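Reading through the structure tokens given below for one structure.
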Amino acid sequence: MNPSLTLILNTHMPQVLGTGPLFDEPENWLFEALTETYLPLFRMLERWDSRRFAGTLVMSFTPCLVDQLLACEERYTSYLHLLGRIATRELERTSRLDLYNRSEKFPQSLSEEALSRIHRTAGMYLRRVEDSLAFLKEHSLRDVFAQLGRSRLPGVQLWTSSPQHNFLPFFEPDTADRLVARGVESFQEVFGREPDGFWLPECAFQPGVERVLTRHGIRRTALSLNGIGASQPQDPSGVFRHEDLEVLVHDYRIGLHLWKSPDATFPAHPVYREFFRDVGFDVRPEYFDELGVPVPSHKRGHVWTGLKYHAVTGQQVGLGEKGLYDLEAARAQVPQHVRAFWDLLESRRSLVQDGQTFVLAFDTELFGHWWHEGIEWLDGVMQPKLPQEVAVAAPVPPPPPSLPRLYYSTWGRDFYSEHWLTPGNCWMFGLIKLVEAQLPAPVDAETRETWRRFEVFSGSDLLFMMPDPTQRERARTLFLQRYADVVSRLPAFTPELLTAFPVDPFKCVLVHVGKPGAEAPPPFLLRRLSRQGSPDARREITLDPEVVDVAGLRVCFQYFLLHPQARYALRVEGSEHEYTFQMPDYGVPLLIAQDTRTYPKYDPEVLYRKLAEIWEGDQRLPILQTPTLRSQHMYTREQVTKVLGGKRTAVFKYNKEGYALLRFREKSVAPASIVFDDTVSLTDAGAYIQAGALSVPVCSDPAEISRQDFDAVVFTCSLNFESEVPHVRALLEVATRKRLPVVSLYDDILYYDLFDGLEPDPSLFHRVAVPEQDALAHPGPVDYRPRNLLGVFGTDTVQGKFSTQVYLREALAKHVRVRHHATEPTGILLGADTGYSRVLRVEAEPRLAFERRLMLDLARDCDVVITGGQNGLLYSPAGADRRANASTMIYETFLPRLIVLTVSVDTKPEDVLATREYLETLAREHDVPCTVVGLAMMGGRKLLGSRWTETWFLGVRDEVLEAARQRLEQRTGLRVHAIPEEVDALARSVLTSL
């Protein structure tokens with residue numbers, strides 16, 4: 001049984017049709033797509049033979065695109081005549097080397113064979129222009145659409161979409177209903193019949209949209225795997241049914257081979273045409289003047305003509321080094337990729353629900369426009385030269401399996417709304433919702449026109465363009481023009497709105513729009529509601545929003561972690577108005593690795609634990625008021641090695657300390673052999689730190705503790721919650737029975753009321769801390785001016801200070817003698833010379849003298865000592881200012897001359913500048929030099945941490961890191977070093993400054 005393919009082509013183009021000069025972007029996008037993709041597809045449908053293809057071709061058309069195609073024929077014909085003028089000249093120019101070089105910005109020495117290759121390619125472009133003009137003479141585009149609607153080609157479905165590619169989950173049900181109705185109406189007007197289905201823009205779905213579709217006669221749509229609740233790498237795609245709706249679930253795991261996967265995609269083959277190297281970049285600007293082709297002044301020297309003479313050549317080959325395109329070699333490669341495609345489907349049958357029917361969805365413009373050979377490839381897949389073999393009396397396929405539920409999802413990055421709702425564009429969402437809330441009912445010509453303009457204003461394309469620096473300003477300008485246009489038609493416009501929208505099933509953006517003012521914006525007050533909608537009195541969260549002033553309004557927003565499917569009430573301080581909302585149906589985003597494998601974006605158990613800490617609280621562990629036993633204190637490497645050296649450690653539990661013990665496991669005096677946690681359950685600890693298999697199992701079952709093999713216990717956190725008691729008690733039972741050493745990084749475990757029936761030996765219990773007698777010995781003043789001290793401090797609440805210290809310590813040790821004083825107790829387990837959190841029960845003056853004596857001892861016989869802060873230098877503790885935070889105290893204790901500041905992708909440049917200014921102020925007060933040598937950026941984003949012991953990072957993409965690097969370096973003048981990838985470069989900067 002051969003694989004069957006349902007191929008969905010999403011055909012859409014933003015509003016780009018203009019009235020100005022031709023060859024000015026972005027109108028060229030439309031005309032290039034017409035020439036390279038749409039007209040060739042129409043030609044293919046003219047000769048469609050359903051006997052040659054046993055699957056289904058779905059072509060969806062957005063009304064936005066169709067309207068432009070119906071209106072563009074005159075301008076498009078003029079464009080083709082101009083392009084024909086260029087192609088004719090190119091055919092002449094490429095016939096002789098002297099003619100060719102006369103117009104080149106950089107004349108080349110080409111062989112006759114190379115010039116002949118370019119000449120053949122030029123001929124192809126001229127024939128294409130002639131074919132396109134011939135098509136327009138034979139057909140009007142309106143007639144093409146009408147004929148497609150009448151013909152009802154077997155194996156071909158025609159779908160509609162929302163008018164302007166509007167992202168439906170953004171809107172209230174009544175608005176989404178209107179947008180779907182308008183898509184259906186528009187399709188009927190052009191194609192003369194009902195659509196066969198509805199393409200959800202960006203494949204974006206939320207529960208309830210299915211009822212909107214079926215209400216308007218839609219019986220077929222497409223979703224991503226997450227839309228049917230898939231959360232495992234092997235969950236099947238294919239064709240399903242939900243009530244009256246047929247659901248085509250596209251398989252991005254296979255689609256990657258044609259689109260995103262960097263090494264395995266067909267379009268990335270070296271012989272195929274390179275999209276980004278255009279003739280208009282290589283010729284002198286005067287070339288177009290000589291041809292009488294008007295080029296806008298801002299495009300001179302960089303004109304997109306669609307004529308391209310170069311090949312992909314290689315992924316890492318720069319545009320200037322690309323080889324020449326060989327038309328015959330590229331055409332010869334296409335049939336091989338047709339066969340490879342069917343072989344790929346054959347090998348992935350286990351990924352589809354019936355073992356046969358594959359569903360793949362792409363933007364139509366991939367074929368022919370982006371991937372020049374894509375139309376020929378499509379032709380080979382869908383209309384091969386020989387008809388398909390048809391089995392005699394083929395059995396009737398079983399009905400598609402029924403889905404009980406559908407889930408919030410998109411086909412975008414991480415399969416939720418992250419790309420369409422970012423900190424950089426959520427102000428646009430706020431303005432869209434502000435206008436939506438005040439739209440009049442579409443009852444007459446005037447109000448229907450207002451709705452039409454709202455459709456244009458609220459399309460998804462400008463939001464999609466905002467994250468791209470090259471398109472951001474144009475998108476912003478267009479959006480604000482459209483906003484002003486639609487608002488001018490609202491007679492009673494109120495500039496205030498409160499709303500919220502989920503970025504994914506756990507994270508939500510809260511938005512308030514109002515008039516700007518001189519005072520600080522009021523905080524958000526967020527309260528969870530019961531299932532019945534009544535307030536949950538246990539807790540109300542106060543959040544300080546971020547602010548954007550735009551269009552005479554102040555847009556305040558904040559991202560926050562919320563329960564899936566839970567209901568919340570949001571208000572701003574000083575207002576009684578509340579906005580209630582519900583988070584979407586549960587689903588776990590699947591990320592796609594470079595090798596196209598999938599893995600979960602989150603560990604939901606970790607997030608649920610965090611949610612419990614934020615919203616429910618917990619019972620505190622019982623602490624003895626008058627403890628009779630006390631642990632041994634230790635703070636040097638020698639002491640720790642004596643206690644733990646060579647032992648296999650059981651760690652409790654996952655937090656930033658546990659994370660560090662796993663990340664730097666090879667540096668530990670007692671590497672973790674198992675991790676216990678009261679909620680987290682993973683197969684391997686490597687999944688938690690995204691490091692691959694570490695062979696360190698994770699267990700959340702207290703009954704398993706006694707069955708595991710370990711000979712030391714480390715408690716990494718301040719023990720706080722009742723849920724931890726079963727694990728802590730079980731670990732203590734094993735430790736006391738087997739007489740194992742127990743080390744606490746923070747609290748003294750012997751102070752807890754957890755030893756009923758046990759007889760602990762205090763000599764086996766240890767705490768990473770400084771004994772009072774050590775701190776009180778020799779309390780006199782110290783002459784303190786070490787010159788070789790490097791401090792690692794945070795600019796905001798970002799974590800990564802300790803990890804940076806360890807990575808930097810190892811990098812510097814390759815060149816000089818290094819000592820490490822860790823102000824985190826974890827450090828003493830991971831190779832630091834000394835380490836503890838703070839000296840307790842000792843007054844400030846003797847404590848300062850002890851710590852400075854300790855640092856002088858470290859600094860005396862080495863080249864550099866590394867230490868660092870515990871929180872952001874700008875952090876203000878409750879009831880105090882930043883002078884009282886731990887990092888300021890650490891800085892004023894040790895007075896490091898050199899500083900490395902840690903940042904993340906979310907760090908604001910102004911926070912870095914404020915931190916450096918604060919450090920300079922402190923240095924002047926203490927009369928010491930202070931130099932910030934660079935910024936260290938950890939490759940992640942802190943999602944949330946309600947307890948200071950908790951840290952959870954989301955991985956981020958290379959483009960996010962690079963954008964953050966550029967933003968910080970441009971604004972601060974400091975070099976950003978990605979950690980750990982660029983730690984050697986950071987080490988060189990430190991050595992240069994010593």
Side-chain angles (χ1 to χ4, degrees), residues 603-613 616-624 629 631 644 647-662 668 670-685 687-689 694 696-760 764-768 825-826 829 946-952:
D603 181 336
E605 294 186 64
V606 172
L607 293 187
Y608 274 119
R609 181 184 64 186
K610 287 186 162 302
L611 286 164
E613 294 161 5
E616 282 95 35
D618 209 337
Q619 297 298 313
R620 294 283 172 171
L621 281 173
I623 299 180
L624 296 174
L629 300 177
S631 296
L644 292 178
K647 297 190 182 299
R648 302 181 308 280
T649 304
V651 173
F652 182 86
K653 63 184 200 169
Y654 270 162
N655 50 18
K656 64 188 177 72
E657 284 78 8
Y659 185 96
L661 290 174
L662 292 170
S668 177
S673 61
I674 186 167
V675 176
F676 295 104
D677 195 279
D678 51 331
T679 56
V680 178
S681 177
L682 297 172
T683 303
D684 190 282
Y688 182 81
I689 64 173
L694 292 176
V696 180
V698 184
C699 180
S700 59
D701 182 1
E704 286 293 315
I705 289 177
S706 62
R707 304 188 186 107
Q708 300 297 327
D709 182 23
F710 55 88
D711 44 25
V713 177
V714 171
F715 291 107
T716 65
C717 57
S718 292
L719 305 178
N720 290 301
F721 300 119
E722 190 68 36
S723 61
E724 298 167 337
V725 168
H727 297 78
V728 176
R729 170 71 189 195
L731 282 164
L732 292 176
E733 286 177 352
V734 172
T736 53
R737 186 177 70 251
K738 294 186 176 181
R739 293 186 58 78
L740 307 181
V742 177
V743 175
S744 274
L745 300 187
Y746 291 100
D747 294 346
D748 192 329
I749 195 67
L750 292 177
Y751 285 15
Y752 287 86
D753 189 9
L754 299 171
F755 291 89
D756 185 32
L758 302 178
E759 297 183 3
L764 296 173
F765 284 75
H766 304 268
R767 180 184 185 188
V768 178
T826 325
L829 304 184
S946 61
R947 279 162 49 193
W948 70 274
T949 55
E950 295 296 338
T951 304
W952 179 252

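Bear in mind that the values here come from a model prediction, so they are computed numbers and not experimental data.
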Note, Ser700 side chain near Asp677 side chain (heavy atom, < 4.5 Å): no
Report yes if the side chains of Glu759 and Thr736 come closer than 4.5 Å at any heavy-atom pair, otherwise no. no
Closest contact, heavy atoms only, Pro671 versus Ser668: N-OG, 3.6 Å
Is there side-chain contact between Cys717 and Lys653, with heavy atoms separated by less than 4.5 Å? yes
Value for OG (Ser673) from CG (Asp711), rounded to nearest 0.5 Å, stands at 7.5 Å
Say you draw a straight line from CZ of Arg707 to CG of Asp701; how long is it, rounded to the nearest 0.5 Å? 7.0 Å
Distance col, row Asp678:CG vs Phe652:CZ, nearest 0.5 angstrom, shows 5.0 Å
Looking at OG of Ser744 and CZ of Phe765, how far apart are the two atoms once the value is rounded to the nearest 0.5 Å? 8.5 Å
Tested for side chain to side chain contact (heavy atoms under 4.5 Å, CB included) against Glu657, the lone hit among Val651, Thr826, Leu829 is Thr826
Roughly how far, to the nearest 0.5 Å, is the CG atom of Leu750 from the CG atom of Leu764? 10.0 Å
Student check: side-chain heavy atoms of Asp756 and Arg729 closer than 4.5 Å: yes
Which heavy atom in Cys699 sits nearest to a heavy atom in Glu704, and how many Å separate them? SG-CB, 3.3 Å
Heavy-atom check, side chain of Leu731 versus side chain of Phe715, under 4.5 Å: yes
I need the minimum non-hydrogen distance between Val742 and Ala735, along with the two atoms involved. CG2-CB, 3.6 Å
Using side-chain heavy atoms (C-beta onward) and a distance below 4.5 Å, is Tyr752 in contact with Val725? no
Would you check if the distance from the ring center of His727 to the ring center of Phe676 is below 6.0 Å? no
CZ/Phe755 to CG/Leu732 distance, rounded to the nearest 0.5 angstrom? 4.5 Å
Tell me if a side-chain donor or acceptor on Thr649 pairs with a main-chain N or O of Ala670 at a distance below 3.5 Å. yes
Mark yes or no for whether Asp684, through its side chain, and Leu694, through its backbone, hold a donor-acceptor pair below 3.5 Å. yes
